[in-house]
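Please read these numbers as outputs of a predicted model, since none were measured by experiment. Reckoned from all heavy atoms, side chains included, excluding hydrogens, waters and symmetry mates. Indexing begins at 1, ligand by ligand and atom by atom, following the structure's order.
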Amino acid sequence: MTTPQGRPELPKTYDPTTVEGPTYKRWLDAGVFTADPASGRPRFSMALPPPNVTGSLHIGHALDHTYQDYLARLHRMRGDEVLWLPGMDHAGIATQNVVERELAKEGKTRFDLGRDAFVERVWAWKAESGGRILGQMQRLGDSVDWSRERFTMDEGLSRAVREVFVSLYEQGLLYRGRRIINWCPRCLTALSDIEVEHEEVPGELAHLRYPLADGSGFIEVATSRAETMLGDTAVAVHPEDPRYRDLVGRTVRLPLVDRLIPIVADPAVDREFGTGAVKVTPAHDPNDYEIAERHGLPAVDIFSEEAIVNAEGGRFEGLDRYAARREVKAAMAELGLLDRVEEAPHPVGHCYRCRTEVEPRLSRQWFVATKPLASEAMAAVRSGQTRFEPARYEKTFFGWMEQIRDWCVSRQLWWGHRIPAWYCPDGHVTVARQDPAACAECGAGELVQDEDVLDTWFSSGLWPFSTLGWPDQTEDLAAFYPTSVLVTGYDIIFFWVARMLMFGCHFQPPTPFEVVAIHGMVRDAQGKKMSKSFGNVIDPIELMDRHGTDALRFALIRGANPGGDVPLAEEWVEGARNFANKLWNLGRFVIGSTGAPAGEPAPGGSLADRWLLSRLERTRAEVTAAYDAYDPAEAARLLHGFAWSELADWAVELAKPRLAAGGEDAQRAGATLAYALEVTLRLLHPIMPFVTEELARALTGVETLTLGPWPAERPGDLDLQAEAAMADLQETIVALRRFRAEHRVPPSRRPRLVVVPAGDDQAALFEAEADSIRRLARLEAVEVVGRHGSGGPGGTLSAPPVGQAAKLLAAGSELYLPLEGLLDLGEERARLERELAALDAERARAEAKLANPAFLEKAPAPVVAKARERLAEVDQALAKVRAQQTELSGAR
Ligand SMILES: [Zn+2]
Ligand SMILES: [Zn+2]
């Protein structure tokens, strides 16, 4: 519904569901999120961390996106040319798993379809069910430029991937090598080091005896994986270990497989571990592989891809790892070659996608030589071209980068960027930007392309520049690169941020982003991680359904202290919804009582006007500074306090009689209120875009808040004197209201107040504002009396109150409330005595409980903490009742 001037008319209550959808559509129709590289404005750009195409919006996204949206909206309102670029990640393993599960329901595997048909099927799945999250991002209000949406597998990005692969190869920074890699026997793919999660398992240490070949004795080795002995090709000892000096160079007969293997000396052996002699299994352990390289030992691979023992394992063929472990130990025991088995818990790597134990596996893979790239990335951070917010995360980044190992980038999957390498029958490798017709080395025409695809993080590592058209030097790249800020949770600094920095600094210097703004993880109200197994997961879509998008956004941002974790409970989202309702009611009151806004009010005016404009200016400055310091939580806190308490409560209450009286002063009061509301809505817009826009349109007739302007500085509005005077007034009124509430004075009773002010200035203030005090504290009259002499605190009353009166202290003044007709002094004193006695008794019980050693020992820690908390509460309540007694003590 709109008024004749085109301004929406506000319904009585705020209903987010009728506002959010149409508002977002209006923004899209007006193209306000579409960036123009030619505008010549200062630019501000961000690349949205691309969500997985399989994903849907979870609470972590809701925080991450709201955080980015506040930055995008803030800069857009300031007049910057903002590009916030959205898109999705093809998410290799995750997506392939989804489609394979679908196939499994039809009783098929990907091998039944074949590679091309399977990949087609994944694309079809993507078209139909992928990208649900994009619609959910609109729901959340993300102000992204949809005209520039990208996908890591689209044509342009695939070209960038190929360019980077080939360039790295040409520069000697990418190679194919036989290495021990992390292998998932369920997903049947290599995993990079960071895709492996280490977890303590209740393991064992089996002590095995290997007989010397000449029958002169044994050498004992200890291992947590007895089954791998089937692949042993040596025993190694430390060269300086006196226990084994004479054995080095001799031969043992490996039991069960009957292989003769040497005893070698290698400095990598840890003399303290087990017996000091270790079995060497080059195909199944990275350290053993290195020992084997140094001594020219063969590698015997005893497992299939699924980690089933193969023909190399002799009679153990066909057993999985765990069965083989049992059987090998049993067989060794039977031969009298199992000395003992100890329990020895130790960390074991698990696949991050399917939790299967990772198997170290010798295989031929593609690697990126990361050390040179990492030093370029570290240099960009050291020189300040990229900075972390908060800065403490730089240390984490350097810590990881200094220990970086070569990155295995090939994956044995079908869904992803296929590796642009071809092999001829002679095994020559051709790596090329265009599919080659012949071997680059021998000219042979029968080429076979590498079967593998690239790690998903290879393409997402190029995201900040591949999305802008690189390798072409496009207008977008020139205008919006380096991007201004990269927002992300601290959990993927290494996964993703480090890779983007390495690729960006190398291929499109100086850096992919100027600032990395790190936020924490969303946790439950107790700070516990949200997980399905704890049953404490919060669904952001449900919260938006129940409380509105702005409420969810506000609650998340309110908790997002810089770099720290973000606690969230539904009650806090409810609280934020109440805040949206409070703004709505405020907006309706201001619009209803002030008419059309009169623009910026001139400085000066009544105390209430000067105070409100001063507080508004201070809030504007502090909120802007907090936003700029990547501390939106502080901005949210300041705005909540100002809008709720000062604007909606105090300013409105102070203005009511002036508005009702009409005339010039009413106009002045109304204009000041309307202006303060408009500025507040603008300041809040980056966090709560929907309710603020709807209210601003109704208030001022403005088309949209998204394009600003950001409220300008008005230093002339700062008025310390007005703020101090209003603080005295507020303190006085609050003290009177508190007295009424605590002593249960019915609202209908209106006492007379006698004030003895702290000085002449205060006397003048109370005289001038007597009517406000009278109204807001529900009094019959306010009488300001002076002191003899200087009027200072040492003077005596010129007109002391008569009869029984309570005495309150506030803002340095003395407040006397005659009790006649207000409350029955005797009864009130008795009531306070009863309250005191009850509290005293509770205190004694609580103290006794906390002094009881049995309770302290047996009760769970939270119960003891709760008891201590309760004792502190009782102490506070006691102090309060005693203060109330004091207030009445002067009365006769
Ligand atoms: Zn797996
Ligand atoms: Zn060749």
Closest approach of Trp415 and Gln96, non-hydrogen atoms and distance? N-OE1, 3.2 Å

Closest N/O/S atom of His428 to the Zn ion (ligand 2), by atom name? ND1

Where the Zn ion (ligand 2) is the corner point, what angle links SG of Cys439 with SG of Cys442, to 10°? 110°

Tested for ring pair (Phe, Tyr, Trp, His ring centres under 6.0 Å) against Trp470, the lone hit among Phe503, Phe465, Trp463 is Phe465

Aromatic centroids of Trp400 and Tyr490 separated by under 6.0 Å: no

For the residue pair His506 and Gln171, confirm or rule out a side-chain donor-acceptor distance under 3.5 Å. yes

Compute the angle centred on the Zn ion (ligand 1) spanning SG of Cys354 and SG of Cys351, and express it rounded to 10 degrees. 110°

